[in-house]
Amino acid sequence: MAQTAELRKTQGAMTTYTRSGGKELESPYEKPVVVPLASNEDPATHAWADARFATDIMAEHAFFFALLMPPELAAKERAEALRFSEIFATLHKQIDANAPPEPSELKRFANNVVEQMKPLIDYKARLGDAQRSGKLRSLVWPLFFDHTQHEGERWTRRLQTLARGESEFDRAEVTHFWTNIMDEHARFVAHLLDPDEFELIETAMKTSRVFADLHRGGIGGVAAALNHEPGTVVGSLIQNPEMDAVLSAAETILDFKTKAARGIEAARIKSIIDPRLADHVRREALKFIDELKRAV
Ligand SMILES: [Fe+2]
Ligand SMILES: [Fe+2]
């Protein structure tokens, strides 16, 4: 099985996260998240893991655009999206099939991924503007274009940092970037749920508010989150007593997303959320937590 081969290949340098914590994936929508061991600071190993993660994420962004671009509304843009999706799926497979680059190859490896990301980032910016101005009438929100553009730009910065030989995560950068992403995910979920899912929509909006406050940073952000959504923040801290407010909120949203992914797959939750999108945002929450634990 593919995942067994993968676990074997990455043994020694990598950890593989799954929803259940075991070795089996919850078919057919779960994808594993492969990261360097906590003690591993080798930039080439990080570049491989982050490029592996990000190229799959980019392939999915483009695929989600295509799903939200009916041919009647956006035939040309849809065809472009599908082409991007294929390019990144191919690149992802190439990276996944190979070991991390040698130190002498690190720059070239990272630059190659960065260069390939540029046209997709441009596409997201261009279509975001078109959708915002009404020139494009697809089903992709302007914020979804912006959100995915920001992720592309962030992976670009990360790979450029790694190309310089620096693998360390800066806690302020990690928190600033991902709290905004988590806030937006929560609002995406709220707006893609069936309008009858009152309770989940409310939970999603409260979660968004917590991350928007935490995004302000520092003790002021935590105080604002506690003030606006005391139940949600205190609930997170009680469930994760040894953690700070940001990490406990991140664990809570990961838990929410994992349950949502399972509920959507089993059709216990009514929504227009594609199960692949549900797993996508779950993996991004996992990456947030992993980075936060490494950050200094
Ligand atoms: Fe994403
Ligand atoms: Fe995202």
Side-chain angles (χ1 to χ4, degrees), residues 17 29-35 49-69 81-82 84-85 87-89 91-92 95 113-114 116-125 127-128 131 139-159 173-193 204-205 207-208 210-212 214-215 246 249-250 252-258 260-261 264 271-292:
Y17 287 119
Y29 297 110
E30 181 185 3
K31 290 183 182 176
V33 176
V34 182
V35 296
D50 285 345
R52 182 192 172 282
F53 181 83
T55 49
D56 192 31
I57 289 289
M58 296 300 126
E60 289 183 339
H61 288 166
F63 181 72
F64 299 146
F65 297 153
L67 289 184
L68 296 165
M69 290 172 171
L82 287 172
F84 276 122
S85 182
I87 290 171
F88 278 94
L91 183 57
H92 170 73
I95 293 169
V113 179
V114 166
Q116 300 218 45
M117 282 216 234
K118 282 179 184 165
L120 178 54
I121 291 172
D122 289 346
Y123 170 91
K124 290 166 173 173
L127 268 62
Q131 184 80 20
L139 306 180
V140 185
W141 300 310
L143 188 64
F144 194 67
F145 281 123
D146 296 348
H147 176 96
T148 56
Q149 179 194 339
H150 295 150
E151 288 181 2
E153 289 166 347
R154 203 273 183 156
W155 289 118
T156 297
R157 291 194 298 276
R158 172 69 180 154
L159 286 167
E173 187 278 332
V174 168
T175 303
H176 190 77
F177 172 73
W178 285 114
T179 49
N180 177 240
I181 292 293
M182 295 300 119
D183 159 23
E184 291 176 354
H185 284 173
R187 281 184 282 146
F188 293 159
V189 170
H191 291 269
L192 291 168
L193 283 165
M205 288 310 293
T207 304
S208 153
V210 168
F211 280 104
L214 293 176
H215 182 66
V246 178
T252 299
I253 196 171
L254 172 61
D255 197 43
F256 175 78
K257 286 170 171 175
T258 303
I264 289 161
S271 79
I272 50 170
I273 300 173
D274 188 277
R276 287 161 288 196
L277 178 60
D279 196 63
H280 178 107
V281 298
R282 180 194 66 83
R283 296 197 309 277
E284 289 177 340
L286 237 173
K287 201 75 173 82
F288 174 27
I289 292 171
D290 182 70
E291 290 185 8
L292 202 52

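Each ligand, and each atom within it, is numbered from 1 in the order the structure gives.
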- request: Fit a plane to each ring of Phe144 and His147, take the angle between them on a 0 to 90° scale, and name the class: parallel (under 30°), tilted (30 to 60°) or perpendicular (over 60°).
  value: parallel
- prompt: So does Glu153 pair up with Lys124, basic N to acidic O under 4.0 Å?
  reply: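 Looking at Lys124 together with Glu153, the answer is no, because their closest N to O distance does not fall below 4.0 Å.
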- request: Please check if the side chain of Asp279 supplies one atom and the backbone of Lys31 the other of a donor-acceptor pair under 3.5 Å.
  value: yes
Partners passing ring-ring contact (aromatic ring centres under 6.0 Å, His included) against [X] (at least two apart in sequence or in another chain):
{"X": "Phe53", "answer": "Trp155"}
{"X": "His92", "answer": "none"}
{"X": "His176", "answer": "His215"}

- prompt: Which residues and atoms, protein N, O or S only, are under 2.8 Å from the Fe ion (ligand 2)?
  reply: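 Protein N, O or S atoms closer than 2.8 Å to the Fe ion (ligand 2): His147 NE2, Glu151 OE2, His185 NE2, Glu284 OE1.
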